[in-house]
K.L.:
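The structure under discussion is supplied below as structure tokens; questions concerning it will follow.
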Amino acid sequence: MSGLKFYIVDVFAVEKYSGNPLAVVTGSAALSDVQMQRIAKEMNYSETTFVLSEAVREGGYDVRIFTPERELPFAGHPTLGTAYILQKEIIKAPIERVALNLKVGQIPVMLYYREGEVEMLWMQQQPPRFLSVLNRETVGEVLGLELRDMDSRFPVQQVSTGVPFVMVPLRNLDALNRAKVNRDKYFKLIAEMEAKCLFLFCPETRHPENHLSARMFADYLGVPEDPATGSANGCLAGYVVEYGYLDSPPMPLRVEQGHAIARPSLLWLNASKQQGEISVSVGGQVMLVAHGELL
């Protein structure tokens, strides 16, 4: 296992040491599942990705994603962060598109440059699936919120673009800031559901240039709160279009996340609906902050 290279990047960062940190390990084909899981736990970020080979297979690079607790079929910030490392450290050429072969399928990522350096990455996610609607009062009890804190015009619902989330529309930033997960009630709620993570959002923002504020709780994955969640924001993009959540929503949408845990993040969302099918994509910046070799 020694000699493997790793890279630490901040994804969806507004500046270095903000956003969602990610470890990317390259040349990982010889690692067992147990070894990958141990490395992810040692790294202790919300996710660690493993690039199995520098060779392209069926148009993409084979990549696996692990949290400290388990493997994921898809996750947003690991997809963008890994695409950034593939371009910068493996491909080493200004390509416009790179694809990742994940458990959920192949996810394309578009890269945009400024003065020869990657400035922004966008990933196309799977079309959102709208699953069961949940009882607001039950979810409110999990979050320590009252019914009046929730926006009753829109459903509390499970939505998935590869990983399912419970989408919880709140009225304002005050309610968003007060949310606190009751772990016992949380684990009881998710026991029989496909979604294991709670994604809260509201139309009030800290910065006037942004359109939505969000928080995500994922104790099931070993992440009490995530600073930036690309897969959940893909679900949010689909939700906004499906339910007309914002009046004539400006695209791209700017979503601020991570402020409650001092890791301010900014995510960009695009969504459209044509002939009944919703297309969503999520974008943001990635910054390299460290690299080295595993011992």
Side-chain angles (χ1 to χ4, degrees), residues 46 67 69-70 72-76 125-205 211-226 228-247 249 253 255-258 260-261 269 271 273 276 278 280:
S46 55
T67 75
E69 301 296 329
R70 54 184 48 81
L72 295 180
F74 170 69
Q125 295 189 11
Q126 293 183 348
R129 294 186 297 124
F130 295 89
L131 309 172
S132 64
V133 173
L134 280 66
N135 179 275
R136 288 190 187 88
E137 187 171 4
T138 301
V139 175
E141 290 176 356
V142 171
L143 296 167
L145 298 175
E146 299 180 7
L147 282 176
R148 64 184 179 183
D149 292 319
M150 299 188 180
D151 193 334
S152 60
R153 298 172 299 169
F154 305 101
V156 175
Q157 185 174 19
Q158 296 185 76
V159 182
S160 176
T161 60
V163 175
F165 294 85
V166 178
M167 312 301 289
V168 185
L170 301 180
R171 291 190 177 277
N172 52 43
L173 201 54
D174 174 65
L176 187 71
N177 290 336
R178 283 189 286 107
K180 185 177 181 180
V181 172
N182 180 306
R183 283 177 55 87
D184 291 339
K185 293 180 179 180
Y186 162 78
F187 281 104
K188 183 178 179 180
L189 174 71
I190 67 171
E192 303 299 328
M193 296 196 317
E194 186 176 345
K196 306 300 182 184
C197 309
L198 307 178
F199 188 77
L200 290 57
F201 56 94
C202 73
E204 187 178 357
T205 60
H211 306 112
L212 296 165
S213 297
R215 296 178 71 182
M216 198 279 277
F217 300 102
D219 277 286
Y220 174 81
L221 300 177
V223 184
E225 182 168 353
D226 207 32
T229 319
S231 48
N233 272 278
C235 297
L236 176 59
Y239 186 102
V240 167
V241 171
E242 177 71 8
Y243 292 113
Y245 180 72
L246 296 174
D247 293 331
L253 290 171
V255 181
E256 55 186 38
Q257 191 179 334
I261 52 175
L269 313 183
K273 188 173 184 178
I278 297 175
V280 300

K.L.:
Could you list the residues that satisfy salt bridge (charged side-chain N to carboxylate O under 4.0 Å, His left out) with Arg183, not counting sequence neighbours?
P.N.:
Asp219
K.L.:
Could you check Cys202 against Leu173 for side chain to side chain contact (heavy atoms under 4.5 Å, CB included), going step by step and ending with a plain yes or no?
P.N.:
CA-CA 7 Å; Cys202 73; Leu173 201 54; 4.2 Å; yes
K.L.:
Distance only, no hydrogens: is a donor on one side chain within 3.5 Å (strictly under) of an acceptor on the other, for Gln257 and Asp226?
P.N.:
no
K.L.:
What's the spacing between Lys196 NZ and Ile190 CD1 if we round to 0.5 Å?
P.N.:
5.0 Å
K.L.:
Would you say Ser213 and Leu176 make side-chain contact, with heavy atoms under 4.5 Å?
P.N.:
yes
K.L.:
Could you work out, with salt bridge (charged side-chain N to carboxylate O under 4.0 Å, His left out) as the rule, every residue matching Lys180, not counting sequence neighbours?
P.N.:
none
K.L.:
State the CG-CG distance between Asn233 and Leu269, to the nearest 0.5 angstrom.
P.N.:
5.0 Å
K.L.:
Would you check if Cys235 and Phe199 make a side-chain contact, meaning some heavy-atom pair closer than 4.5 Å?
P.N.:
no
K.L.:
Counting only N and O atoms by type, is there a donor-acceptor contact under 3.5 Å from the side chain of Thr67 to the main-chain atoms of Arg70?
P.N.:
yes
K.L.:
Taking Tyr220's backbone N and O only, do any of them form a donor-acceptor pair with Tyr186's side chain (distance below 3.5 Å, no angle check)?
P.N.:
yes
K.L.:
Roughly how far apart are Phe165 CZ and Gln157 CD, rounded to 0.5 Å?
P.N.:
14.5 Å
K.L.:
Do Thr161 and Gln126 have side-chain N/O donor and acceptor atoms under 3.5 Å apart?
P.N.:
no
K.L.:
Is there a side-chain contact between Asn182 and Glu141 in this structure, where contact means two heavy atoms from C-beta onward sitting under 4.5 Å apart?
P.N.:
no
K.L.:
Check salt bridge (charged side-chain N to carboxylate O under 4.0 Å, His left out) between Glu69 and all other residues, then give those that pass, not counting sequence neighbours.
P.N.:
none
K.L.:
For the residue pair Val139 and Met150, establish whether any side-chain heavy-atom pair is separated by less than 4.5 Å.
P.N.:
yes
K.L.:
With sequence neighbours excluded, what pairs up with Glu204 under the salt bridge (charged side-chain N to carboxylate O under 4.0 Å, His left out) test?
P.N.:
none
K.L.:
Quick one: does Asn177's side chain have a donor or acceptor within less than 3.5 Å of a partner on Asp174's backbone?
P.N.:
no
K.L.:
What's the shortest heavy-atom distance between Phe217 and Pro224, and which atoms?
P.N.:
CD2-O, 3.2 Å
K.L.:
If you take all heavy atoms of Ala260 and Glu225, which pair is closest and at what distance?
P.N.:
CB-OE2, 3.8 Å
K.L.:
Decide yes or no for Asp151 and Leu170: does some side-chain heavy atom of the first lie under 4.5 Å from some side-chain heavy atom of the second?
P.N.:
no
K.L.:
Using modelled atom types only, decide if a donor and an acceptor are shared between the side chain of Arg215 and the backbone of Gly258 within a distance under 3.5 Å.
P.N.:
no
K.L.:
Kindly say whether Ser231 contributes a backbone atom to a donor-acceptor pair with the side chain of Thr229 at under 3.5 angstrom?
P.N.:
no
K.L.:
If I compare all heavy atoms of Pro169 with all of Pro155, which pair ends up nearest, and what's the gap?
P.N.:
CD-O, 3.6 Å
K.L.:
So, taking the atom named OG1 in Thr205 and the one named NE2 in His211, what distance separates them when rounded to the nearest 0.5 Å?
P.N.:
8.5 Å
K.L.:
Taking distance alone, no hydrogens or angles, what donor-acceptor pairs closer than 3.5 Å link side-chain atoms of residues 128-136 to residues at least two apart or in another chain?
P.N.:
{"from": "Arg129", "atom 1": "NH2", "to": "Glu194", "atom 2": "OE2", "distance (Å)": "3.0"}
{"from": "Ser132", "atom 1": "OG", "to": "Gln158", "atom 2": "NE2", "distance (Å)": "2.6"}
{"from": "Asn135", "atom 1": "OD1", "to": "Glu137", "atom 2": "N", "distance (Å)": "2.9"}
{"from": "Asn135", "atom 1": "OD1", "to": "Thr138", "atom 2": "N", "distance (Å)": "2.8"}
{"from": "Asn135", "atom 1": "OD1", "to": "Thr138", "atom 2": "OG1", "distance (Å)": "3.2"}
{"from": "Arg136", "atom 1": "NH2", "to": "Ser152", "atom 2": "O", "distance (Å)": "2.9"}
{"from": "Arg136", "atom 1": "NH2", "to": "Phe154", "atom 2": "O", "distance (Å)": "3.0"}

K.L.:
Return the minimal non-hydrogen interatomic distance between Ala75 and Leu72, and the atom names on each side.
P.N.:
CB-CD1, 4.1 Å
K.L.:
Quick one: closest heavy-atom pair of Ile278 and Gly238, and the distance?
P.N.:
CD1-O, 3.7 Å
K.L.:
If you apply the rule side chain to side chain contact (heavy atoms under 4.5 Å, CB included), what do you find for Val280 with Leu236, and how did you get there?
P.N.:
CA-CA 9 Å; Val280 300; Leu236 176 59; over 6 Å; no
K.L.:
Counting N and O atoms only, with roles assigned by atom type, does the side chain of Lys273 sit under 3.5 Å from a partner on the main chain of Val241, one being a donor and the other an acceptor?
P.N.:
no
K.L.:
Nearest heavy-atom pair of Ala237 and Ala271: which atoms, and what distance?
P.N.:
O-CB, 3.5 Å
K.L.:
Using a 4.5 Å cut-off on heavy atoms from C-beta on, say whether the side chain of Cys197 contacts that of Val166.
P.N.:
no
K.L.:
Would you find a donor on one side and an acceptor on the other, under 3.5 Å apart, between the side chain of Gln125 and the backbone of Gly230?
P.N.:
yes
K.L.:
Starting at CG of Leu221, measure out to OG of Ser46 and round the result to the nearest 0.5 Å.
P.N.:
9.0 Å
K.L.:
Quick one, Leu198 and Met216 - any side-chain contact, counting heavy atoms below 4.5 Å?
P.N.:
no
K.L.:
Apply salt bridge (Lys or Arg N to Asp or Glu O under 4.0 Å) to Asp184 and Lys188, showing your working.
P.N.:
CA-CA 6 Å; Asp184 291 339; Lys188 183 178 179 180; over 6 Å; no
K.L.:
By ring pair (Phe, Tyr, Trp, His ring centres under 6.0 Å), which residues pair with Tyr239, not counting sequence neighbours?
P.N.:
Phe201, Tyr243
K.L.:
Taking side chain as C-beta onward, heavy atoms only, is Leu143 less than 4.5 Å from Asp149?
P.N.:
no
